[in-house]
Number of protein chains: 2
Amino acid sequence: MVKDDGATIYAVAQRAGVSIATVSRALRGTGPVSATTREKVLKAVAELRFTPSRLGVSLAEGRHAANGMVLPDLSGPYFAEVLLGYEEVASELGRSVIVLSTRGREMVNDLVRDLAGRVDGMVVFGRTVEDAVVREIIGTGMPVVVLASDAIDGADLVASENVESARALAVHLLGHGHTRFALAGRDDGGDVSQRWQGVRQALAAHGVEAAEPYPCEYTVEGGQEAGHAILRPGSRSAARPQAVICADDQIALGVILAAEDLGLAVPHDVAVTGWDDIMAARHARPALTTVRQPMRALGARAARALDELITGTRTTPAAQVLPTTLVVRASCGPHPQTPPTAPSSQEEMCRDTPPA
Amino acid sequence: MVKDDGATIYAVAQRAGVSIATVSRALRGTGPVSATTREKVLKAVAELRFTPSRLGVSLAEGRHAANGMVLPDLSGPYFAEVLLGYEEVASELGRSVIVLSTRGREMVNDLVRDLAGRVDGMVVFGRTVEDAVVREIIGTGMPVVVLASDAIDGADLVASENVESARALAVHLLGHGHTRFALAGRDDGGDVSQRWQGVRQALAAHGVEAAEPYPCEYTVEGGQEAGHAILRPGSRSAARPQAVICADDQIALGVILAAEDLGLAVPHDVAVTGWDDIMAARHARPALTTVRQPMRALGARAARALDELITGTRTTPAAQVLPTTLVVRASCGPHPQTPPTAPSSQEEMCRDTPPA
DNA sequence: GGCAGTTGTGTAAGCGCTTCCACCCAGCCG
DNA sequence: CGGCTGGGTGGAAGCGCTTACACAACTGCC
């Protein structure tokens with residue numbers, strides 16, 4: 001159904017008694033067109049319910065007026081929020097957004113290549129596509145923004161701060177007196193890698209060592225499984241960890257479920273923290289201590305950066321790292337200011353981490 | 001950046017010493033091509049890193065190989081999940097997905113018309129675009145699937161069951177002995193309208209009447225505000241409602257926050273229910289009684305339906321209504337089987353509503 | 001050995017639009 | 001009053017591809 005009413009610019013031209021060139025000019029306001037001619041054209045357009053075919057326009061203009069977004073998954077709040085911010089800005093800039101979710105998909109590389117053929121530039125979440133393919137696409141001259149990962153040569157990077165905030169989180173937990181830590185969440189070589197790095201640095205500085213991260217999926221179920229593995233008596237290390245630092249909130253929620261399964265009270269028997277500050281984190285029981293990422297801003301920034309690259313406003317790749325916020329709630333233990341047993345006060349204790 | 005390496009089919013043809021027609025045939029496997037020629041072509045393709053331009057292909061084929069999806073918002077879990085199911089199936093069917101979120105956007109009609117020019121068919125969430133515009137687009141011959149709303153002539157409908165499950169929810173609450181009900185969530189004339197209708201029918205059958213739904217936004221904040229308005233002493237009706245039925249889970253979470261603000265215990269002082277069964281519902285404190293919608297299936301069905309219309313497998317519009325599930329948790333009060341004070345048992349009491 | 005039926009290939013006509021260029025014709029200046 | 005400007009317009013060349021059609025070179029058959 002490319003036909004857009006079936007009416008083409010030729011039909012309009014004929015009906016208005018002018019040439020297609022004039023119709024085009026009248027419609028886009030390029031070049032001079034007399035008032036009377038414009039009238040006639042607009043009349044014909046209205047009568048024929050003509051809408052220019054995007055395909056024709058794009059082919060002639062040599063651009064798609066569309067951006068791509070490659071993300072690993074759309075389930076869970078994180079990616080949706082980023083996409084939201086992205087779409088909003090892209091739309092504002094007059095570009096459509098084509099999404100590609102790679103989760104559980106075969107032939108991802110081909111799908112991404114196909115996507116590349118439909119857009120003027122694309123945003124790629126870290127770890128969704130092989131670096132080689134990303135480089136290949138960059139090599140064709142297509143603007144690319146890498147999101148939430150490590151930089152790739154020739155592409156922009158938009159990410160949120162990880163190391164410092166991870167450190168701050170770990171320090172906060174150390175402040176609770178915990179000394180036995182467990183980590184939950186597969187090291188993805190990207191964002192999460194940096195978080196683990198920050199946590200470890202902070203712990204090491206206090207002479208504490210954490211076991212290898214339990215490599216679970218980034219879902220509540222994955223977290224629950226990890227929670228069982230980590231907290232079950234006699235598992236892994238001899239002594240049960242006092243705090244479980246999770247790579248994201250969903251995992252943390254799963255770990256809390258696992259703790260309940262095992263009859264452990266959070267945070268009394270074990271502290272649990274997440275990452276992202278998704279909606280459920282605030283409403284969870286107990287409310288989740290986590291690190292808030294500016295998810296929407298992440299998407300918005302990526303859209304802006306991509307636009308700069310596409311329009312040529314900027315030609316050299318840049319990297320931006322957005323600050324995060326430590327959000328302290330009940331799941332990491334009692335705090336002087338906020339009795340964790342009392343029903344939530346609306347306020348949350350936030351502490352800004354220093355920007356990267 | 002339409003250029004796809006800059007290499008066109010002409011360059012390939014020249015390099016391989018054949019015509020562009022032969023290149024096209026060799027690449028898409030239409031028409032006969034000798035083995036040796038195919039070799040030459042593939043070699044040239046590889047050397048030039050040629051990728052056919054989607055624009056050229058689409059223009060010649062007369063189709064976009066892309067589907068649109070118009071949704072009101074991407075924040076919150078509901079729409080993201082639907083989009084997920086949609087994208088998955090669309091991709092499987094070889095179509096890209098272009099998303100358009102209308103939230104807080106001006107000129108929505110124009111954006112939707114533009115979208116229509118980029119796709120072979122589109123899915124439109126109910127209440128995102130004026131019906132007139134949808135009809136206009138249908139009028140151009142474009143396949144349209146309306147999601148989660150009332151049917152529109154000439155378009156497919158995919159929705160989940162509302163009236164019966166709303167009735168079941170109300171009956172369940174009546175079973176708790178509640179007689180004073182409040183409703184929270186703006187009547188949107190679509191899905192939610194049906195829910196309120198079902199609730200009212202069930203209540204009326206028991207001689208109970210509910211006040212007008214409090215017309216709040218579909219967010220946690222909106223729910224919180226509604227909760228205050230509804231539960232504040234001396235507000236609205238003389239006696240405080242014993243149960244607040246919310247149009248979606250986010251509102252319900254907000255109402256629970258409001259109850260806590262007011263020093264009311266849920267479910268002891270007031271029962272609260274949601275709709276959708278988003279992730280936070282399960283983890284909320286107290287866990288939310290709600291109605292589960294098959295969100296992902298909704299998207300997947302829509303994609304399939306749209307495909308049928310586009311390919312012409314089916315030419316007459318159809319409607320499908322997907323069943324929902326009443327999920328009883330702690331927020332509506334104590335139940336014999338599941339002591340609500342005990343930490344969640346993994347199991348949830350679900351009761352299937354009769355399919356519509 | 002001539003004729004119909006393959007096969008493999010090229011030619012060229014679109015697909016719907018934008019835009020360079022040429023052209024015509026007022027109006028204006030010298 | 002003729003040459004110039006420049007506004008208004010049409011012609012036509014792409015943009016990159018698919019595909020109907022024509023055609024040549026074979027095959028196999030009577």
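By convention in this document, chain letters (A, B, ...) are assigned in the order of the sequence lines, proteins followed by strands, and residues within each chain are numbered from 1. Below, each value reflects all heavy atoms present in this structure, side chains not excepted, and no hydrogens, waters or symmetry copies.
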Would you say the side-chain atoms of [X] and [Y] include a donor-acceptor pair closer than 3.5 Å?
X	Y	value
Ser96(B)	Arg118(A)	yes
Thr140(A)	Arg49(B)	no
Gln194(B)	Asp150(B)	yes

Interface residues of residues 27-36 of chain B with DNA chain D (non-hydrogen, below 4.0 angstrom)
Arg28(B)
Hey, are [X] and [Y] close enough for a salt bridge, meaning a charged N less than 4.0 Å from a carboxylate O?
X	Y	result
Arg105(A)	Glu87(B)	yes
Glu92(A)	Arg304(A)	yes
Glu130(A)	Arg135(A)	no
Asp191(B)	Arg127(B)	no
Arg296(A)	Glu88(A)	no

Between [X] and [N], is there a contact of a side-chain N or O with OP1 or OP2 at under 4.0 Å?
X	N	value
Thr22(A)	dT9(D)	no
Ser53(A)	dG16(C)	no
Ser24(A)	dT18(C)	yes
Ser58(B)	dC15(C)	no

Starting at atom [atom1] of [X], determine the distance to atom [atom2] of [N], rounded to an integer number of angstrom.
X	N	atom1	atom2	value
Arg38(A)	dG7(D)	CZ	C1'	13 Å
Leu59(A)	dG14(D)	CG	C1'	9 Å
Arg54(A)	dG16(D)	CZ	P	16 Å
Lys40(A)	dG8(D)	NZ	C1'	11 Å
Glu39(A)	dG8(D)	CD	P	14 Å
Leu55(A)	dT18(D)	CG	P	13 Å
Gln14(B)	dT9(C)	CD	C1'	17 Å
Ile9(B)	dT11(C)	CD1	P	14 Å

Under 3.5 Å, which N/O atoms of the protein pair with N/O atoms of nucleotides 25-28 of chain C?
none

Ile20(B) side chain: which of dC17(C), dT9(C), dA12(C) is closest?
dA12(C)
From C-beta outward on Ala21(B), which listed nucleotide comes closest to its side chain: dC17(D), dC17(C), dT11(C)?
dT11(C)
Under 3.5 Å, is there any donor-acceptor pair linking the side chain of Tyr10(A) to the base of dC17(C)?
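Answer yes: a donor N or O sits under 3.5 Å from an acceptor.
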Checking only heavy atoms, does the side chain of Arg25(B) share a donor-acceptor pair with the base of dG10(C) at less than 3.5 Å?
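Per atom types, the contact qualifies.
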Kindly compute the distance separating NE2 (His64(B)) from CG (Leu55(A)), expressed to the nearest 0.5 Å.
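Going from the NE2 atom of His64(B) to the CG atom of Leu55(A) covers 5.0 Å.
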For the atom pair CZ (Arg314(B)) and CG (Asp307(B)), what is the distance rounded to the nearest 0.5 Å?
10.0 Å
